[in-house]
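The shown structure was predicted, so the numbers you read here are calculated from the model rather than taken from an experiment. Because only heavy atoms are used, hydrogens play no part in the values below, and waters and symmetry mates are left out as well, while side chains stay in.
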Amino acid sequence: MVIVLLGPPGAGKGTQCKRIIEKYRLAHLSSGDILRSERAGGTELGKKARQYMDSGKLVPDRLIIEMMVGAIASAGGNCVLDGFPRTVVQAAELDKELAEKGKKVDAVVNLVIDDNVVAGRITGRKSCPVCGAVYHIDTLKPKAEGWCDKCKGRKLVQRPDDKPDVVKMRLKTYHEQTAAVVGYYADNGQEIFNIDADRPIDDVTARIFEKLDSLITAR
Ligand code: AP5
């Protein structure tokens, strides 16, 4: 099964993906996490991606498509895609790659939320540099303030692209380039589950599970 999770920066894609993969036993393929790991490893891709990520712009399609096609193949095609596709070109290429393997996107989950809400979420986000666990200073606090619950003794950090001016640019980029991906799927007859993401985390999860359960039952 291939699930695409769409939504603006800070909508809760990463948070919800961690829950989806546990319930449905899928691989979590986050383009942002993969890019951050490439950067941490000092790879050529990581070096190329840096300038785009730190300024809130999209990494060029050809780099992302190659990276994600490889990741999907390694996951055996059963995955939740978080942050990919982010342009219509990426969405069309994903469809093409999946069709060549006799597969398709099974569900598109679109987290719908206002820019003002996500801006507050992102600036309060803290994450673990080791395991990638995500917290929030108000809504999802770790047990010991500032430290990861799982990787004991690891201090939580703020992502470099979570500074207010970069967040502003990421939201602009989302509206100019990524919002159109929802229209691409609608035009292609793909069922889209629009989920109100301005709700408590557990409520959003419950709504997503309800939709995915109904999809699985209907198959
Ligand atoms: P990426 O890492 O994908 O960032 P993003 O899409 O901007 O998404 P975020 O990780 O900021 O937010 P999220 O929706 O996962 O929210 P989260 O669950 O953490 O991309 C980074 C960069 O990489 C891009 O800018 C681009 O340069 C590049 N890139 C990546 N993919 C690319 C692609 N396909 N093409 C080109 N370039 C690409 O939640 C946020 C906070 O809110 C957390 O603190 C969380 O605890 C809290 N929270 C979550 N849900 C709730 C809730 N319901 N109520 C209250 N708080 C909540």
Side-chain angles (χ1 to χ4, degrees), residues 3-24 26 28-33 36 53 56-58 80-88 90-91 105-128 132-143 145 149 156-186 190-215:
I3 298 172
V4 168
L5 196 58
L6 300 175
K13 300 184 295 297
T15 303
Q16 296 301 330
C17 274
K18 291 192 172 64
R19 295 165 170 222
I20 294 170
I21 58 163
E22 265 184 34
K23 178 169 160 91
Y24 300 98
L26 299 166
H28 179 189
L29 301 182
S30 157
S31 48
D33 286 350
R36 280 183 284 279
M53 296 174 79
K57 294 184 183 146
L58 294 185
V80 188
L81 299 175
D82 165 4
F84 175 83
R86 233 173 172 106
T87 63
V88 170
Q90 292 179 17
V105 171
D106 295 283
V108 173
V109 176
N110 182 35
L111 299 182
V112 181
I113 190 159
D114 195 78
D115 282 6
N116 296 324
V117 181
V118 291
R121 282 188 188 176
I122 296 176
T123 43
R125 169 170 53 194
K126 299 279 174 196
S127 50
C128 174
V134 172
Y135 302 88
H136 190 276
I137 53 170
D138 298 318
T139 57
L140 196 61
K141 296 179 182 178
K143 290 186 187 107
E145 194 186 326
D149 291 348
L156 300 175
V157 296
Q158 184 175 41
R159 270 171 39 182
D161 60 345
D162 281 353
K163 296 186 198 96
D165 55 330
V166 186
V167 170
K168 216 169 159 188
M169 177 54 84
R170 284 163 61 199
L171 285 167
K172 186 169 180 281
T173 303
Y174 171 80
H175 290 294
E176 288 177 356
Q177 293 176 267
T178 305
V181 174
V182 181
Y184 167 86
Y185 283 121
Q190 176 80 50
E191 189 173 11
I192 301 166
F193 301 134
N194 288 308
I195 307 285
D196 178 5
D198 190 9
R199 309 271 314 150
I201 294 173
D202 288 347
D203 289 7
V204 178
T205 307
R207 193 87 182 103
I208 294 173
F209 284 0
E210 190 188 304
K211 292 292 182 189
L212 294 180
D213 285 347
S214 69
L215 180 87

Begin from the C-alpha positions of E22 and K18 and carry the test salt bridge (charged side-chain N to carboxylate O under 4.0 Å, His left out) through to its verdict. CA-CA 7 Å; E22 265 184 34; K18 291 192 172 64; over 6 Å; no

Within the 4.5 Å heavy-atom criterion, are [X] and [Y] side-chain neighbours or not?
{"X": "I3", "Y": "V109", "result": "yes"}
{"X": "Y24", "Y": "L212", "result": "yes"}
{"X": "V80", "Y": "L29", "result": "no"}
{"X": "Y135", "Y": "L156", "result": "yes"}
{"X": "P85", "Y": "V4", "result": "yes"}
{"X": "N194", "Y": "I192", "result": "yes"}

Test log, rule salt bridge (charged side-chain N to carboxylate O under 4.0 Å, His left out), inputs D213 and K23: CA-CA 10 Å; D213 285 347; K23 178 169 160 91; 3.6 Å; yes

Give every donor-acceptor pair under 3.5 Å between a side-chain atom in residues 117-127 and any protein atom, sequence neighbours left out.
residue, atom, partner, partner atom, Å
R121, NH1, G10, O, 3.4
R121, NH1, A11, O, 3.0
R121, NH2, A197, O, 2.7
T123, OG1, A119, O, 2.9
T123, OG1, G120, O, 3.4
R125, NE, D162, OD2, 3.0
R125, NH2, D162, OD1, 2.9
R125, NH2, D162, OD2, 3.2

So, using salt bridge (charged side-chain N to carboxylate O under 4.0 Å, His left out) as the criterion, who are the partners of K168 when residues are at least two apart? none

Quick one: does any side-chain atom of [X] pair with a main-chain N or O of [Y] as donor and acceptor, under 3.5 Å?
{"X": "T178", "Y": "R86", "answer": "yes"}
{"X": "T139", "Y": "H136", "answer": "no"}
{"X": "Q16", "Y": "I201", "answer": "yes"}

Minimum heavy-atom separation for [X] and [Y], please, with both atom names.
{"X": "L215", "Y": "A107", "value": "CD2-CB, 3.7 Å"}
{"X": "V108", "Y": "Q190", "value": "CG2-CG, 3.6 Å"}
{"X": "G83", "Y": "S31", "value": "O-OG, 3.0 Å"}
{"X": "D196", "Y": "V204", "value": "O-CG2, 3.8 Å"}

Before accepting this row, confirm whether a basic side-chain N of the pair E145/K141 lies closer than 4.0 Å to the acidic partner's carboxylate O. no

Note: R159-D161 ion pair, threshold 4.0 Å (strictly below): yes

Between H175 and D115, a side-chain donor and acceptor under 3.5 Å: yes

Can a side-chain donor-acceptor contact be found between R19 and T205 if the only test is distance below 3.5 angstrom? yes

So for atom NZ, which belongs to K57, do other residues, nucleotides or ligands contribute more than 12 heavy atoms lying within a distance under 6.0 Å? no

